[in-house]
Engineer: 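The structure follows.
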Amino acid sequence: MNMQAKPTLRELSYAEAIREAMDIALSQDERVILMGEDIGVYGGAFQVTGDLVEKYGTDRVMDTPISELGGAGIAVGAALTGLRPIFEFQFSDFAALAMEQIVNQAAKVRYMLGGAVSVPLVMRFPAGSGTGAAAQHSQSLEAWLGHVPGLKVVQPSTPEDAKGLLLAALEDPDPVMIFEHKILYKMKGPVPEGYYTTPIGKAAIRRTGKDVSIIATSIMAQKAMTAAETLAGEGIDAEVIDLRTVRPMDRETVLASVRKTGRLLCVYEGVKTLGVGAEISAMVAESDAFDFLDAPIIRLGGAESPIPYNPELEKAVVPQVPDILDAARGLLKGRI
Amino acid sequence: MPIEVIMPKVDMDMASGKVMTWHVAEGEAVTKGEPLFDIETDKAAMEVEASESGILHHLTPEGTEVLIGAPVAWLYADGEEVGEPPSRPSVSSSADGDPSRVSDVTEKPSEDTAAPERVEPLSSEEKTRATPLARAMARANGLEIDAISGTGPQGRIQAEDVRCFLDQSATISAPVAFKSETGALSITRSKGGTGTPVVLIHGFASDATSWAPLETHLRHRPLIRIDLPGHGKSPKLKLNGFAELAKIVRRTFDELSLDEAHLVGHSLGGALCLALADTRPRSIKSVTLISPAGLGPDVNGEVLGGIGRATRAESLGPWLRQMVKDDTLITDAYVRLAMAPRTDANMRAAQQALADSLFPDGVQAFDLRAALGRLEMPARLIWGKADKIIPWRHALGAPGNIALHLFEGVGHIPHFEAPEEVGKILKASL
């Protein structure tokens with residue numbers, strides 16, 4: 001199983017791995033700057049930037065005013081002049097305030113100026129539910145940005161990928177949006193030392209199996225792995241694919257898996273309707289892999305509801321391990 | 001108004017039956033009391049007779065499971081216009097046609113039958129419920145999806161159902177069942193049939209299974225199929241030239257100890273039948289040569305070489321399509337099936353060595369025209385005029401006592417491309 005530690009690797013938390021990536025980038029490339037609300041002395045809303053301001057100073061680790069639109073605009077401008085800004089939102093929900101800069105400027109400038117400039121901007125979005133922060137601080141909005149040509153959208157689910165995808169995002173000449181799941185920040189896992197990148201646009205097969213393809217994003221990849229272990233005990237051999245990148249989507253890996261298993265289960269935390277799973281399903285249905293489907297495609301996504309404040313209701317509106325188990329069993333035992 | 005032919009109830013706890021074999025073909029006339037079709041239930045197989053006279057239409061495909069009382073075909077009066085199959089009338093109206101069957105059609109399967117939707121016929125509006133994989137598998141095997149019963153939710157046909165169907169049909173609806181024997185070469189004998197046996201010898205790079213399209217027409221006779229060396233299940237022998245090949249075929253034939261036999265051979269198998277008839281004239285009652293080798297020097301060495309070299313379906317397909325006139329007959333699924341035994345490199349090598357000795361430089365190195373002239377038993381040549389492998393004009397050198405059947409728009413494998421026509425010729429004379 002890929003997620004298990006190799007004994008020689010040290011363990012870091014997901015937040016520490018992101019901080020290490022930023023630290024490496026700041027030390028290696030003077031064009032890299034960090035921007036965001038309370039990322040300096042306070043260390044960031046989820047303490048991801050931590051004490052980097054002490055190491056690199058306020059010229060490179062900059063607190064921005066409480067204006068997401070303003071901050072994002074400054075970041076886009078900085079990227080246009082040749083800097084490599086990493087802009088942190090306190091909550092991904094606040095992307096709504098910065099949409100003009102992300103969607104109409106960052107994503108469009110390269111195209112509208114005939115390729116004369118690019119926007120090498122990295123934005124980090126703490127996303128997802130499970131913190132009891134209610135409807136305005138718990139959403140999974142990756143599908144919004146995944147709908148915009150000109151943006152790349154990634155969702156790391158492990159500390160190793162959180163570091164590797166951030167460094168890959170900095171190498172990319174175009175804007176890359178990173179959706180980090182808040183519940184994962186404290187999750188520990190093996191992280192290689194030094195500089196490495198995780199390819200954008202390449203899914204990871206976390207577990208190979210022959211009976212059902214579970215395509216999951218972000219924290220759902222972890223839940224799918226837990227479910228897969230239980231399913232294995234019941235004789236159901238699930239393949240778990242961590243999509244990692246929402247845009248551009250890794251078509252080959254997904255299709256090859258469906259051709260092998262004939263059953264597709266998409267698991268994602270964003271609202272089910274018009275979400276990432278809809279795109280995965282359509283991609284399969286439109287491809288030759290369609291001919292290999294031996295059961296309907298199943299999507300498990302967020303409920304048609306704002307995320308409730310009540311912790312029990314909060315759990316109930318996003319897919320949980322038992323939901324994945326039920327769906328996989330239904331697919332394999334002919335109930336679906 | 002056409003008369004329904006229904007699936008009869010032949011034992012007490014029977015909910016459905018399977019149409020196994022039709023004795024009367026689509027569009028043929030049938031007389032009341034004549035055997036119409038065979039059915040199979042969980043317990044028994046039996047023949048069903050025609051309840052009325054008429055012209056038979058809209059036959060349910062062989063191998064289909066049909067609910068008791070549901071129509072399996074319709075009988076039309078002579079001259080009555082035949083359109084789309086009538087939609088299934090209600091149970092009561094179907095009972096009107098034949099009072100003797102009232103009990104059959106009004107009795108429904110018991111309520112506690114497990115998974116009742118498995119045999120519930122769909123309304124004519126609704127498409128068959130099947131997964132894409134099941135449909136793809138059915139397509140690849142030349143099956144109508146409607147012939148398969150589904151065990152998934154709401155009777156959905158899934159891959160497993162197609163697999164089961166294929167397993168069953170391999171034993172039930174295969175036109176003729178064969179059992180194997182080992183001798184000098186692999187022999188398969190059909191289990192039914194009476195009278196003079198028919199010995200079938202296939203062509204180069206083929207095997208005994210290639211006779212399948214013809215077997216239904218010959219099922220009244222015992223059929224004996226020989227696999228050539230290096231083909232099908234026969235051993236891979238090192239043979240030097242046609243004489244050695246003919247010798248081992250003759251030995252195989254002698255081991256069969258038949259008092260008499262009809263010979264049917266295709267291509268290289270035709271040449272071997274001719275050689276056999278020439279040396280065993282007393283026991284051979286007739287010879288049928290389909291696109292035979294041995295009657296002239298020309299042969300398409302390019303195609304033979306291409307088939308011999310092909311290691312994958314992609315490279316085999318284009319050459320196989322040269323064998324026939326209508327290349328849509330050679331579907332990708334057909335090619336994959338044909339390639340399956342050819343993945344054995346030793347078999348390919350054995351066949352190529354044989355081809356090199358029989359057809360060096362793309363020329364037929366053996367000549368049986370003299371043998372053709374010596375034949376005294378009834379003999380016929382069947383050839384397609386679009387044959388790209390061996391020119392049909394070789395047939396024109398045959399003496400006048402040999403019947404000539406030439407088909408327009410047919411390539412090198414007439415029994416595959418025009419099985420009905422070829423079947424009729426053989427059925428009438430064997």
Side-chain angles (χ1 to χ4, degrees), chain A residues 208-215 231 234-239 241 251-266 277-300 323-336, chain B residues 65 112-120 122 126-169 312-314 317 328 330-337 339-340:
Chain A
T208 57
K210 61 175 175 38
D211 293 333
V212 53
S213 300
I214 306 181
I215 317 291
L231 291 168
E234 299 170 13
I236 296 175
D237 187 15
E239 178 145 301
I241 292 180
R251 180 183 160 84
E252 282 67 35
T253 301
V254 172
L255 297 189
S257 180
V258 172
R259 283 190 207 104
K260 180 170 71 169
T261 66
R263 296 178 186 89
L264 173 59
L265 171 58
C266 307
E279 186 55 38
I280 299 168
S281 308
M283 183 174 79
V284 169
E286 287 174 339
S287 77
D288 77 292
F290 174 81
D291 274 347
F292 294 82
L293 285 173
D294 200 27
I297 297 170
I298 303 297
R299 288 177 294 155
L300 289 179
D323 301 320
I324 301 173
L325 292 174
D326 282 352
R329 288 171 187 145
L331 279 172
L332 266 298
K333 295 181 181 160
R335 293 198 303 271
I336 292 175
Chain B
E65 189 86 18
D112 58 359
T113 306
E117 58 276 80
R118 287 181 61 177
V119 287
E120 202 79 57
L122 293 160
E126 208 172 334
K127 276 189 78 182
T128 304
R129 206 182 285 274
T131 66
L133 180 58
R135 287 184 189 279
M137 287 171 68
R139 265 200 310 278
N141 287 287
L143 299 173
E144 292 293 330
I145 195 80
D146 305 317
I148 303 163
S149 44
T151 60
Q154 294 174 288
R156 186 171 66 217
I157 302 163
Q158 302 180 156
E160 191 55 34
D161 299 319
V162 183
R163 267 180 226 116
C164 283
F165 183 89
L166 287 170
D167 287 350
Q168 281 171 16
S169 55
R312 285 184 297 156
E314 288 78 4
T328 59
I330 310 286
T331 60
D332 289 347
Y334 180 92
V335 176
R336 280 197 296 277
L337 277 176
M339 191 63 220

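All heavy atoms count here, side chains included; hydrogens, waters and symmetry mates do not. Letters A, B, ... are given to chains in the order of the sequence lines, protein chains preceding strands, and every chain is numbered from 1.
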Engineer: What donor-acceptor contacts under 3.5 Å connect chain B and chain A, backbone and side chains included?
Structural biologist:
unit_1	atom_1	unit_2	atom_2	d
B/Thr131	OG1	A/Asp294	OD1	2.6
B/Leu133	N	A/Asp291	O	3.4
B/Leu133	N	A/Leu293	O	2.8
B/Arg156	NH2	A/Ile336	O	2.6
B/Ala159	N	A/Asp294	OD1	2.8
B/Ala159	N	A/Asp294	OD2	3.1

Engineer: Partners of A/Ala327 by side chain to side chain contact (heavy atoms under 4.5 Å, CB included), sequence neighbours excluded?
Structural biologist: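 So A/Ala327 forms a side chain to side chain contact (heavy atoms under 4.5 Å, CB included) with A/Leu265, A/Ile298, A/Leu300.
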Engineer: Can you establish whether the number of heavy atoms outside B/Glu314 located under 6.0 Å from its atom CD is more than 12?
Structural biologist: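 Result for CD/B/Glu314: enclosed.
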